[in-house]
Amino acid sequence: MSSGPVHERQRERERNDIRHDEQGDEQGDEQRHVSEFYARLDRLRAEVRGRLEGVLAARGLGHQGLAERDIAAGELARRAAQLDAVENGLCFGRIDLRDGESRHIGRMGILEDGGEFEPLLIDWRAPAARPFYVATGRRPENVRRRRHIATRGREVTGVLDEFFGAGPEGAGPGGDAAEAALLAAVNSPRTARMTDIVATIQAEQDAIIRAPHAGILVVQGGPGTGKTAVALHRAAYLLYTRRERLARSAVLIVGPNPAFLRYIGEVLPSLGETGVLLATVDRLFPGVTPTAAESPAAAELKGRAAMAEVLAAAVADRQRVPEGEGRRVLHGGRRVLLERDAFLRARRLARETGLPHNQARPVCHDALLDSLADRVAGRFAVDPVDGGSLLSAGDREEIRADLAGDPAVLAVLEAAWPALTPQRLLAGLYSSTARLERAAPALTAEERALLHRPAPAHADWTAADVPLLDEAAELLGPDADSERAAGQRAEAEYGERLALAQEALDVAYGSRDTDFADEEDGEEAEVLSAFDLLDAQALADRYAEGDHRTAAERAAADRTWTFGHVVVDEAQELTAMAWRLLMRRCPGRSMTLVGDIAQTGEPGGAASWERVLAPHVGDRWRQAELTVNYRLPAEIAAVAAGVLFRIDPWRSTPRAVRSTGVAPWRLAVPRAALAREAARLAAAEPGSVALIGPASLRGALARAAGEGVAVLDPRQAKGLEFDAVIVVDPAAIVAESPSAQAGPHRGLNDLYVALTRPTQRLGLLHPDDPAGTPPAGLTRLGPPARPL
């Protein structure tokens, strides 16, 4: 009887040995496939580089040929970059269908040599790859086996299989392989760069990634649910499925801060996609780089939707009608009265056009010139019979032309309806209390005082000013005089190019070779030269400069560029004015917005998605929710859930998929030793470490911390993740939160952000005085489990 368990253990060892041998065979088989994929990739690289070298080596090209060469070289260089970017993890999966077909899944699609056969490797975005992500035991999608392939460089290091349905491999689906692959990814150490999730996309994530492109899709998800990764992979998917359109219009990805953009910067290139522009909202007004700081109250005020009305009123205020009888204009040594009614009529005519301010400006000026010409003409003789003017139409035109060139007259016209830039309008508004009172009567005196400041120089703009500058640009439109001057410059440059082309043809004709003249009749032989094939205009056109920038590069320099799709991360943080700017960038309203209302930290941020979107699309948007937490272990998620409950008791907490067995800890130290102790604790943590504290402590923490430790406030930490996080002085984080005045518990949002950045370990360090006591719930945390 006692031998039964022994025999069972022996049989289990034998079964394990058989599985190990089978896995070894399967791993070797996958190695042969993977080696084939890389061999084909190398051939593709060699082919592209060879073509690129050939294009760059071309000589003796005319200007048109050079332009075509540059375009071809740019395309080949981008293709070479795509092929290089997929080197790591080229193939990560395989599905075996019930009909016997096998499909390998990878970062990009690779065809056999010649490209006319079945693909060697299927792009993860292709419809044929979708079963790899969505097959389940209940809905196997015709899949018999799903295999996860782990690689290091070009070497296969392991295979994990799931079997679906009854059969010799097992009675049902085995979720262990998928879980093992997922846990290996989420437990991997964090670095300074975000990695893609292409090998471990989960079903609910895949549904969002492949959702229809049209309209606005809001992706709501708590910390660690993979919102950012989903948004980036959705961008890659749309670039794959709508390549032709999005390659022309580009995709805009908006992040909360430059550190976040650097963090995610390698994800899309690793998926072979480069046709995107990554930017923060305050970098979307070309020519302006915000450098100044301002108070949270001023930033919140500038973000309000009401500022659009303030700016419209500020523009209208610059369309001035003089008080009293009008303006007397000195012309020809005499003063001519231009009545107030003439100003009123000119302003009315200009406004009735519906054109932006600068484009309506010539209408106002023309009407004023007509009125002034009539007044000047009235000084001359009149017909004694009917009282009409004795001046001819030509005489009147001469008078008008003379007035139009008079600096004194032009000054009057400019004062009535000036040419304005967004910078000039906003600077003039901020610097004048009188203009602020006229443009913003609905604001309180205290609020207008927040806007008032001396006229800013070019470098004095703040991040909150950028949406206002963009709004002003819409109201003003391009300056007609500047456009006219630009057109004149272009015309002059073309004329110069045309003259040079004609001169070159003349030289060529004068230097033509006469050695081939027909000796018998003295006529020249028919030898074609440049002057026979081209005229001056055609030659000048060949020397016109071409624009060889990518769509993303052109978009970055063009405020009026409209994008084919816009992705906004941490979308809950944007103000109403920032949303107006982004909606102008995407009139087609093809957008993916990802965020978490519970993490709103900006005073002007979103209280709900309905309030954000209703002014722009009403209820014509859809929402998807991510419900699984991949970043936070259950121990840390429980701590964060307590804070979330205080923020919003009705908000659900994402389900954590793993547990580390490491409990978060809390430690109190003297306030004077806070920074020093935080630095010591951080130095003892392995992997990537962050100290997250209130903005007032950031300087002291940075001075105390060593190399390799990130020191951030909660706003800077948004979207980032680390192996270990030490939250310093949580009570001060809540008290100093810019959103603390926006409503009950809004200050907790920043603390919630800080608590949800780690992937492995969390600690709280706070002063041991009453002012440093953490919020309720966090006080229940125990001391560190290990000596510190």
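Residue numbers count from 1 along this sequence.
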As a quick check of understanding, evaluate salt bridge (charged side-chain N to carboxylate O under 4.0 Å, His left out) for Arg585 and Asp558, giving each step before the final call. CA-CA 10 Å; Arg585 298 298 190 275; Asp558 185 356; over 6 Å; no
Look at Lys302 together with Glu447 and state whether they make a salt bridge at an N to O cut-off of under 4.0 Å. no
Salt-bridge test for Glu325 and Arg340: reply yes if a basic N is under 4.0 Å from a carboxylate O, no otherwise. no
Would you say Arg318's side chain and Val315's backbone share a donor-acceptor pair under 3.5 angstrom? no
Hey, is Asp769 close enough to Arg671 for a salt bridge, meaning N to O under 4.0 Å? yes
Please check if the side chain of Asn749 supplies one atom and the backbone of Ala598 the other of a donor-acceptor pair under 3.5 Å. yes
Just wondering, more than 12 heavy atoms not from Glu339 lying within 6.0 Å of its CD? yes
Within the 3.5 Å criterion, strictly below it, is a donor on Asp374 or Ser371 matched to an acceptor on the partner's side chain? no
Does Asp460 pair with Arg453 as a salt bridge, N-O distance under 4.0 Å? no
Let me confirm one number: the CG-CG distance from Leu644 to Leu755, rounded to the nearest 0.5 Å. 11.0 Å
Shortest non-hydrogen contact from Val219 toward Lys227: O-CD, 4.3 Å
Which atom of Leu691 lies closest to which atom of Ala705, heavy atoms considered: CD1-CB, 4.2 Å
Output, in order, the C-alpha distance, side-chain angles, deciding distance and verdict of side chain to side chain contact (heavy atoms under 4.5 Å, CB included) for Gln423 and Val288. CA-CA 9 Å; Gln423 291 91 328; Val288 170; 3.7 Å; yes
Taking atom SG of Cys586 and atom NE2 of His616, what is their separation to the nearest 0.5 Å? 12.5 Å
Stepwise side chain to side chain contact (heavy atoms under 4.5 Å, CB included) check, His766 with Thr773: CA-CA 7 Å; His766 64 92; Thr773 303; 5.8 Å; no
Roughly how far apart are Gln220 CD and Ser608 OG, rounded to 0.5 Å? 11.0 Å
Quick check against the 3.5 Å criterion: does Arg283 have a side-chain atom that pairs as donor or acceptor with the backbone of Ala556? no
Quick check against the 3.5 Å criterion: does His452 have a side-chain atom that pairs as donor or acceptor with the backbone of Tyr430? yes
Is a donor on one side and an acceptor on the other found under 3.5 Å between the side chain of His565 and the backbone of Val251? no
When you measure from the side chain of Arg698 to the backbone N and O of Val711, does any donor-acceptor pair fall under 3.5 Å? no
Could you state the interatomic distance from CD1 (Ile399) to CD (Glu397), rounded to the nearest 0.5 Å? 10.0 Å
The complete set of side chain to side chain donor-acceptor pair (under 3.5 Å) pairs with one or both residues in residues 566-578, sequence neighbours excluded, reads Thr228-Asp569, Glu570-Gln572, Glu573-Lys718
Does the Ser432 side chain pair with the main chain of Gly428, one donor and one acceptor, at a distance under 3.5 Å? no
Atom pair OG (Ser737) and CG (Asp713), whose distance is rounded to the nearest 0.5 Å: 10.0 Å
If only atom types and distance count, is the side chain of Glu736 paired as donor or acceptor with the main-chain N or O of Ser696 below 3.5 Å? yes
Can you confirm whether more than 12 heavy atoms, excluding those of Arg651, are under 6.0 Å from its CZ atom? yes
Test of ring centre spacing under 6.0 Å for Trp417 and His357: yes
Main-chain N/O of Ala250 paired to Trp561 side chain as donor or acceptor, under 3.5 Å: no
Shortest non-hydrogen pair, Ala463 vs Asp282, comes out as CB-OD2, 3.5 Å
Salt bridge Asp470-Arg559, side-chain N to carboxylate O under 4.0 Å: yes
Counting N and O atoms only, with roles assigned by atom type, does the side chain of Arg438 sit under 3.5 Å from a partner on the main chain of Asp317, one being a donor and the other an acceptor? no
Under 6.0 Å from the CZ atom of Arg347, do we count more than 12 heavy atoms belonging to anything else shown? yes
Carefully, step by step, assess Met591 and Met583 under the rule side chain to side chain contact (heavy atoms under 4.5 Å, CB included). CA-CA 9 Å; Met591 307 177 83; Met583 291 296 172; 3.7 Å; yes
Measure the CG-CG distance between Asp370 and Leu349 for me, rounded to the nearest 0.5 Å. 10.0 Å
Provide the closest heavy-atom pair for Ala342 versus Leu368 in the form atom of the first, atom of the second, distance. O-CD2, 3.7 Å
Minimum-distance pair of heavy atoms, taken over all atoms of Arg400 and Asp366: NH2-O, 3.3 Å
Between Gln623 and Trp609, is the side-chain hydrogen bond (donor to acceptor under 3.5 Å, both in side chains) condition met? List the steps. CA-CA 9 Å; Gln623 179 171 330; Trp609 297 119; 4.7 Å; no
Kindly give the heavy-atom pair with the smallest separation between Leu476 and Pro422, and that separation in Å. CD1-N, 3.6 Å
Tell me whether Arg580 is salt-bridged to Glu474, with the criterion being a basic N under 4.0 Å from an acidic carboxylate O. no
Hey, mind stepping through Leu311 and Leu429 against side chain to side chain contact (heavy atoms under 4.5 Å, CB included) and telling me if it holds? CA-CA 9 Å; Leu311 290 174; Leu429 177 65; 4.3 Å; yes
